[in-house]
Amino acid sequence: MSEEKRVGIVLVSHSAQVAAAVAELAKGLAGGAPEVPVAPAGGTDGGGLGTSAELICAAAASVDRGAGVAVLTDLGSAVLTVKALLAEGDELPDGARLVDAPFLEGAVAAVVTAATGADLDAVEAAAAEAYGYRKV
Amino acid sequence: MLDADFFRRWMAATAASVDREAERLTQLDSPIGDADHGSNLHRGFAAVMAALETEAPDTPGAVLVLAGRQLISTVGGASGPLYGTLLRRTGKALGEAAEVGVEQFAAALRDGVEGVKKLGGAVAGDKTMIDALEPAVNALGDGFAAARQAAEQGAEATIPLQARKGRASYLGERSIGHQDPGATSSALLIAGLEAAAEG
């Protein structure tokens, strides 16, 4: 896969700060991974805690390079809003997918994997595998 | 028969009751949720009313699909995609008919409720909006007043339940003894049908 066709990654959190910080951390731990398009979509339009469909759609459009977009979410309305947007059909780019993964660990795994030029299936699998990392 | 005007009146009646009850919804959402249900729904239904005015959809299905889209886009909490899916699925099930019968509407609303159950993964007894919506759909054959009563009873019946979905589920047994805010707002939505029928 060519350099410009990395899988895009969208990080949806109830908090703008959490989404931005997780994006920064994931890119940092992936060695900067400058070529992986990662966009945070945190909080509501007004900067409050919650989920904004508009921010999610804008973030997904901004990271779409034609190789698919992996969307990772934190809780509740973040999950439900992405599912509802996907059901809508034309709101998110073709190849956008809600990835079932822990938010932080999944984001790191997804960015690291996407940086290798892996396809969307591989990025999704790596993010989902993060559920298996036991800490104790 | 129910025409686009009936469905506009339904949305207007719901927007008015959400406006009136916003504080109560938020109060119900304080002990077991994140205390934003009233303000979130208020923002959502205000957007629904604004969109209905500018876009003026002319079929029942189009009114509900547009309303659902607005709720998904503007609410900001889980009730947005859930109510949005309810209305959009119901609207899609109604198709492009200019008028629909009550039976056809009841079947479409049942589709909508199924969509909500699928999206949120909740079933009756989980202390969610389903506990008001499902009995309401089942009672709709007996008229809008019967549906309203069933929804109100369903909402009250969530008080002794333990939440198994959403933010309240983290509280475990401490969620017992509180009426579910989502079931309460669902009862307002269903009550809006009766108000719309009265004109």
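Chain naming here is simple, since letters A, B, ... match the order of the sequence lines and numbering starts at 1 in each.
With values rounded to the nearest 0.5 angstrom, B:Ser79 atom OG is found 10.0 Å from A:Leu80 atom CG. Here the CG-CZ distance, from A:Leu85 to B:Arg69, works out to 9.0 Å after rounding to the nearest 0.5 Å. Summarising the geometry, atom CD1 belonging to B:Ile72 is positioned 12.5 Å from atom OG belonging to A:Ser77; distances are rounded to the nearest 0.5 Å. In this structure, A:Glu88 CD and B:Thr85 OG1 are separated by 8.5 Å, a value rounded to the nearest 0.5 Å.
In this structure, chain B has a heavy atom under 4.5 Å from the side chain of A:Glu91, while its backbone stays farther away. Of the two parts of A:Leu75, only the side chain, counted from C-beta on, holds a non-hydrogen atom closer than 4.5 Å to a non-hydrogen atom of chain B. Within the 4.5 angstrom heavy-atom criterion, no atom of B:Arg89 approaches chain A. Interface remark: A:Ala87 contributes backbone and side-chain atoms alike to the contact with chain B (heavy atom separation under 4.5 Å).
Residue B:Glu99 places its CD atom among more than 12 non-hydrogen atoms of other residues, nucleotides or ligands, all under 6.0 Å distant.
Under the 4.5 Å side-chain heavy-atom criterion for Ile, Leu, Val, Met, Phe, Trp and Tyr, A:Val108 and A:Val22 are members of the same hydrophobic cluster. By the rule that hydrophobic residues join a cluster once side-chain heavy atoms approach within less than 4.5 Å of another member, A:Val71 and A:Val123 end up as members of separate clusters. Linking Ile, Leu, Val, Met, Phe, Trp and Tyr residues whenever their side-chain heavy atoms come within less than 4.5 Å places B:Trp10 and B:Val18 in a single cluster. Linking Ile, Leu, Val, Met, Phe, Trp and Tyr residues whenever their side-chain heavy atoms come within less than 4.5 Å leaves A:Val82 and A:Ile9 in two separate clusters. Residues B:Leu66 and B:Leu41 are members of one and the same hydrophobic cluster, defined by side-chain heavy-atom contacts under 4.5 angstrom among Ile, Leu, Val, Met, Phe, Trp and Tyr.
Heavy atoms only, all atoms of each residue included: B:Pro81 and A:Ala84 are closest at CB-CB, 3.8 Å. Here the closest non-hydrogen pair linking A:Ala53 and B:Ser73 is CB-CA, 3.8 Å.
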